[in-house]
A.B. asks: 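This is the structure, below, for whatever I ask next.
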There are 2 protein chains.
Amino acid sequence: MNASQQLTDKQRLTLDFIERYIATHTVSPKLQEIAEGIGIRSRGVAHRYIQALTDTGFIETDSGKHRGIRLLKPNPYRDESTLPLLGKIAAGKPIEAIPGEDQLDLRDFFGRNNFAVRVQGDSMIEAGIMDGDTVIIEFRETANDGDIVVALIDETETTLKRFKRSHRGRYIKLIPANKDMEEMIYEASRVRIQGVLIGQLRKY
Amino acid sequence: MNASQQLTDKQRLTLDFIERYIATHTVSPKLQEIAEGIGIRSRGVAHRYIQALTDTGFIETDSGKHRGIRLLKPNPYRDESTLPLLGKIAAGKPIEAIPGEDQLDLRDFFGRNNFAVRVQGDSMIEAGIMDGDTVIIEFRETANDGDIVVALIDETETTLKRFKRSHRGRYIKLIPANKDMEEMIYEASRVRIQGVLIGQLRKY
DNA sequence: CATTATGTTCTCAAAATGTTCTCATTCTGA
DNA sequence: TCAGAATGAGAACATTTTGAGAACATAATG
């Protein structure tokens, strides 16, 4: 009734389903499909949710017409820091989420001690890190063997390499992931760890 | 009772939980969830804390309604959608930002028509997409030659490949980025585009 | 036009959630 | 030590939310 009302759980689920359906099919779903999509059997109940979403101004309908739902405003309940994480995307059917893990949470990338670095060069290409990628680094001064680190050499040059101690820790190896390049070895005192790789992203 | 009263430990815990929950879910938690969140079993006890927080003016509730809690006092606002984007990280010195682009904004990844898919297999490895990576897909039904797409073949099988039209659009090539695998060619009617790759991320 | 599918409205319940209580137990400061 | 505060469990009840399905009206279809 009241346009300022909050949506109930099922009403939000319904809105979410309709948005996804329209995104994948370009037309709106029918009541039967909505019912199945949100896990119930009754068209009447599905219609009740449509009515609620209409009353709250999220959608409007061509009354009586088949597939007559239109979205009116963006869904404010969509969590801006997570994305649906999908397993299979089959036709028509509601999208199949990965069991036990249906939301991807990107806040892992946004911790207070994290920063991003744009990667230059191909030295880590065999680790799947390509020129132009952005890597997420956690500020740290120590690393474990095998970590990929941002290392500062001789207080001047910064590089992204795999980290490994050598000679009981007196030396440090910085190992590229590119068979055309050679690993480098430095006295431990010349190398300073700036941070450790915790994530990577790429934008197309 | 008294609005100037200090909060007890559990009341503070409850308030923290509610703030975090709302930040994560956009809607308020129900009593059962609050109880579990602060480590107790009784909804009644959880409600007692809600009552105390209401009396002290931190929250208000839509009496009776499910998920009817609203925060009243401002909670520290954190912008979690950007990260500092750094060029060089030199010792001691304040970190050197990339000129003209000093914040990485991940909101591109969170559009309402985007979703995430966990990648299985090595078919796109030469494009830097490895087994276990997560790719961000924008819902779309059309693609341009060269796009990497999620394609549904024969309404059953879903795959991530590079898209290319062939024979004036009567056929569609799906091209892996792996020299050990061969490209596949289908009649256009057998292939349905589910979305186009717009980003990729990996967590270490 | 006849038939089927779909949208709409309705009633009857069941399940989930919020609210209020009582009864204990633990903690804290005078 | 003792009284009061804080905490926890859970029963009992009221209200909200959810679900099924019948009945009817209208739209879509051939």
A.B. asks: Verify the contact: side-chain N or O of B:Arg41 to OP1 or OP2 of D:dA9, cut-off strictly under 4.0 Å; return yes or no.
C.D. replies: yes
A.B. asks: Examine D:dG8: is either OP1 or OP2 under 4.0 Å from a nitrogen or oxygen in the side chain of B:Tyr49? Give yes or no.
C.D. replies: yes
A.B. asks: Using a 4.0 Å heavy-atom cut-off, does A:Arg48 contact any base of the nucleic acid, only the sugar-phosphate backbone, or nothing at all?
C.D. replies: base
A.B. asks: With no angle test and no hydrogens, is the base of D:dG21 tied to the side chain of A:Ser42 by a donor-acceptor pair under 3.5 Å?
C.D. replies: yes
A.B. asks: Take the protein atom CG of A:Asp62 and the nucleotide atom P of C:dT6, then report the distance between them rounded to whole Å.
C.D. replies: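 Rounded to the whole Å, the gap is 17 Å.
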A.B. asks: For B:Ile18 and C:dG18, what is the distance between atoms CD1 and P respectively, to the nearest whole Å?
C.D. replies: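 Nearest whole value for this atom pair: 11 Å.
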A.B. asks: What nucleotide, of C:dT19, D:dA20, D:dG8, holds the atom closest to the side chain of B:Arg43?
C.D. replies: C:dT19
A.B. asks: Using a distance-only test with no angle check, is there a side-chain donor-acceptor pair under 3.5 angstrom linking B:Lys10 and B:Thr8?
C.D. replies: no
A.B. asks: Is the NZ or CZ atom of A:Lys73 both under 6.0 Å from the centre of the six-membered ring of A:Phe58 and within 45° of that ring's axis?
C.D. replies: yes
A.B. asks: Have a look at B:Thr8 and say if it touches a base, only the backbone sugar-phosphate, or nothing, with a 4.0 Å heavy-atom cut-off.
C.D. replies: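 Here B:Thr8 touches the backbone only, sparing every base.
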A.B. asks: Both B:Gly39 and A:Gly39 contact DNA chain D. Which one's nearest nucleotide lies toward the 5' end?
C.D. replies: B:Gly39
A.B. asks: Hey, can you tell me if A:Tyr21 and A:His25 have their rings parallel, tilted or perpendicular (30° and 60° cut-offs)?
C.D. replies: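 A:Tyr21 and A:His25: parallel rings.
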A.B. asks: Once you round it to whole Å, what is the distance between C1' of D:dG10 and CD of B:Glu36?
C.D. replies: 15 Å
A.B. asks: Rounded to whole angstrom units, what separation is found between the NE2 atom of A:His47 and the P atom of C:dT8?
C.D. replies: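 Computing the A:His47:NE2 to C:dT8:P distance gives 4 Å.
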A.B. asks: A:Asp55 has an atom CG; how far is it from atom P of C:dT9, in whole Å?
C.D. replies: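 After rounding, the reported distance stands at 11 Å.
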A.B. asks: DNA chain C: B:Val45 or B:Gly68, which has the more 5' nearest nucleotide?
C.D. replies: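 Here B:Gly68 is the residue nearer the 5' end.
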A.B. asks: May I ask you to verify if any side-chain N or O of B:His66 is less than 4.0 angstrom from the OP1 or OP2 atom of D:dT17?
C.D. replies: no
A.B. asks: Is the shortest side-chain N/O distance from B:Gln11 to OP1 or OP2 of D:dA6 below 4.0 Å?
C.D. replies: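 Looking at the OP1 and OP2 atoms of D:dA6, neither is under 4.0 Å from any side-chain N or O of B:Gln11.
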A.B. asks: For residues A:Ser28 and A:Arg67, is any side-chain donor paired with an opposing acceptor at under 3.5 Å?
C.D. replies: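 The answer is no; no qualifying pair exists.
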A.B. asks: Which whole-number value in Å describes the distance from A:Ile38 CD1 to D:dT18 P?
C.D. replies: 9 Å
A.B. asks: Within the 4.0 Å heavy-atom criterion, would you say B:Gly44 contacts the bases, only the backbone, or no part of the nucleic acid?
C.D. replies: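 The answer is base, as B:Gly44 lies within the cut-off (heavy atoms under 4.0 Å) of a base atom.
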A.B. asks: Would you mind classifying the nucleic acid contact of B:Leu31 as base, sugar-phosphate or nothing, using non-hydrogen atoms under 4.0 angstrom?
C.D. replies: base
A.B. asks: Within a strict 4.5 Å, meaning less than it, do heavy atoms of the A:Asp133 and A:Asp131 side chains meet?
C.D. replies: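 With C-beta onward as the side chain, the pair stays apart.
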A.B. asks: Measuring to OP1 and OP2 of C:dT19, would you say a side-chain N or O of B:Ser63 lies under 4.0 angstrom away?
C.D. replies: yes
A.B. asks: Separation of A:Asp9 atom CG from C:dG18 atom C1', in whole Å?
C.D. replies: 14 Å
A.B. asks: Flag the pair A:Tyr171 / A:Tyr186 as yes when their ring centroid distance falls below 6.0 Å, and as no otherwise.
C.D. replies: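 Between A:Tyr186 and A:Tyr171, which both carry aromatic rings, the centre distance is not below 6.0 Å.
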A.B. asks: I need the CZ-C1' distance between A:Arg67 and D:dA27, as an integer number of Å.
C.D. replies: 13 Å
A.B. asks: Among the nucleotides C:dT20, C:dT9, C:dT6, which one has an atom lying closest to any side-chain atom of A:Lys30?
C.D. replies: C:dT6
